[in-house]
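Note: hydrogens, waters and symmetry copies are ignored here, and every other heavy atom, side chains too, is used. Order of listing sets the numbers, starting from 1, for every ligand and every atom in it. Quick caveat: nothing in here was measured; it's all calculated off a predicted structure.
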Amino acid sequence: MKNFDYLEPTTVAEACALLKQHVGEAKVFAGGSHLTILMKQGLYQPKILVNIKKISELKGIKYDAKEGLCIGALVTHREIETSALVREKFPVLCDTEREVANIRVRNMGTVGGNLASGEPLTDLSQILISLDGKAKITGPEGQRAIPIEELFLDFYTTSLAEDEILTQVLIPPLPPRSGVDYIRFSSSSVVDKPSAGVAVRLTLENSGETIQTARIVLGCVGATPARARKAEGLFTGKKLTAELVEEAGSIASQECSPTSDLRGSEQYKRAIVKTLVKRATGKAYEQALTIPSPSTGEG
Ligand SMILES: Cc1cc2nc3c(=O)[nH]c(=O)nc-3n(C[C@H](O)[C@H](O)[C@H](O)COP(=O)(O)OP(=O)(O)OC[C@H]3O[C@@H](n4cnc5c(N)ncnc54)[C@H](O)[C@@H]3O)c2cc1C
């Protein structure tokens with residue numbers, strides 16, 4: 001690894017100013033679980049690391065009845081996994097975090113780093129997109145909030161400018177009569193990262209009979225996580241039937257762009273996506289029918 005300077009700002013404004021001053025030379029450093037590997041491999045050779053770990057405004061998890069869940073960019077996978085508040089509001093996140101990487105990565109890796117890396121073989125983005133999550137971003141020119149889906153542009157490429165910091169992830173309260181499920185599949189030979197991951201969120205009409213909103217988000221089977229919009233459209237305004245679920249699975253498996261690699265062939269991954277869409281849809285539907293609307297208390 002090449003030598004680098006190491007800066008430790010204590011506010012987001014200070015960090016953005018440093019990034020702006022050293023554009024092209026500096027990189028944000030959070031848990032370091034992703035960046036350190038790339039630096040050791042010589043793929044990144046930043047002259048300056050801007051460690052954001054001392055910025056307290058990037059920490060913590062809060063819930064507000066109107067805004068929903070707010071997760072600071074420095075919150076680690078392990079903190080999400082073990083948070084009673086997250087378990088109460090969005091248990092799917094805690095259940096998924098338990099399967100992410102290993103305990104060392106979960107203790108170091110942050111939600112901000114997970115999203116900002118633009119790494120395609122990850123889990124959280126699929127769930128966050130299915131929940132209509134937003135990323136709050138601060139740069140030298142001010143703040144903006146974008147749908148999480150718009151963060152991802154290509155393999156390891158996000159819409160974050162070099163002098164911007166992802167500060168928080170916002171998840172709006174789950175609408176009544178909603179169910180959400182995420183299923184990841186790892187091939188037995190490569191246990192650390194998923195081969196495919198599918199999140200499904202269904203929100204039923206007031207009558208509880210037909211589907212008002214569907215989100216089907218496919219991950220690890222393309223350059224970025226992406227909604228299967230044609231498959232989602234099949235569900236809107238309809239009653240869920242076995243035939244519809246089968247068709248949605250088939251369509252979704254054609255809406256992604258998997259590549260053949262050590263995690264499986266393209267054809268194999270499409271078959272996995274089809275199965276995961278069907279299973280996750282069934283589970284999300286069951287939840288939407290049976291789980292009472294979430295409480296609106298503040299955390
Ligand atoms: C062995 C292994 C297994 C893994 N398995 C999984 C898995 O199963 N599922 C899964 O979802 N993920 C998995 N990951 C990815 C892991 O979740 C990420 O490495 C981790 O979350 C990154 O967070 P970090 O804080 O360590 O980021 P860092 O390594 O510090 O940074 C990563 C990138 O994001 C940038 N960055 C970090 N924070 C910010 C911010 N707030 N604003 C702007 N830019 C920022 C950095 O400049 C860098 O480019 C795995 C990683 C490893 C090493």
At under 4.0 Å between heavy atoms, what of I52 touches ligand 1? The answer is side chain
Pairwise distance CG(D163) to CD(E141) - rounded to 0.5 angstrom: 7.0 Å
Geometric cation-pi criterion K89 and Y63, 6.0 Å radius, 45° cone: yes
Does K59 come within less than 4.0 Å of E79, counting only side-chain N to carboxylate O? no
Looking at ligand 1, would K193 count as a contact under a 4.0 Å heavy-atom criterion? yes
Please could you name the atoms of ligand 1 that G31 approaches to less than 4.0 Å, counting only its heavy atoms? 24 (P), 25 (O), 26 (O), 30 (O)
State if L58 counts as touching ligand 1 under the rule of any non-hydrogen atom under 4.0 Å. no
Go through ligand 1 atom by atom and flag the ones less than 4.0 Å from a non-hydrogen atom of A101. 3 (C), 4 (C), 5 (N), 6 (C), 7 (C), 8 (O)
Looking only at non-hydrogen atoms, the one of A15, G113, S117, G72 nearest atom 27 (O) of ligand 1 is G113
Near L35, which atoms of ligand 1 are under 4.0 Å from a heavy atom of that residue? 29 (O)
Contact with ligand 1 for H77, non-hydrogen, under 4.0 angstrom: yes
All salt bridge (Lys or Arg N to Asp or Glu O under 4.0 Å) counterparts of E150, not counting sequence neighbours: none
In ligand 1, which numbered atoms sit nearer than 4.0 Å to a non-hydrogen atom of A73? 41 (N)
Between E119 and T122, a side-chain donor and acceptor under 3.5 Å: no
Nearest non-hydrogen contact to atom 36 (N) of ligand 1 from the set A116, P194, A161, S125 belongs to A116
Taking all non-hydrogen atoms of both residues, which atom of F29 and which atom of L49 are closest, and how far apart? CD1-CD1, 3.7 Å
At under 4.0 Å between heavy atoms, is it the side chain or the backbone of I37 that contacts ligand 1, or both, or neither? side chain
Taking atom types as modelled and ignoring hydrogens, do the side chains of T203 and T213 form a donor-acceptor contact shorter than 3.5 angstrom? no
If we set the cut-off at 4.0 Å for heavy atoms, which region of S33 has an atom near ligand 1: side chain, backbone, both, or neither? both
Report the C-alpha distance between R144 and E164 in whole Å, list the side-chain angles of each, state the deciding distance to 0.1 Å, and finish with yes or no for side chain to side chain contact (heavy atoms under 4.5 Å, CB included). CA-CA 10 Å; R144 62 192 177 108; E164 284 186 320; 2.7 Å; yes
Please list all pairs passing the side-chain hydrogen bond (donor to acceptor under 3.5 Å, both in side chains) test where one or both residues lie in residues 214-231, with sequence neighbours left out. D132-R215, E149-R229, R227-E232
At under 4.0 Å between heavy atoms, is it the side chain or the backbone of R184 that contacts ligand 1, or both, or neither? side chain
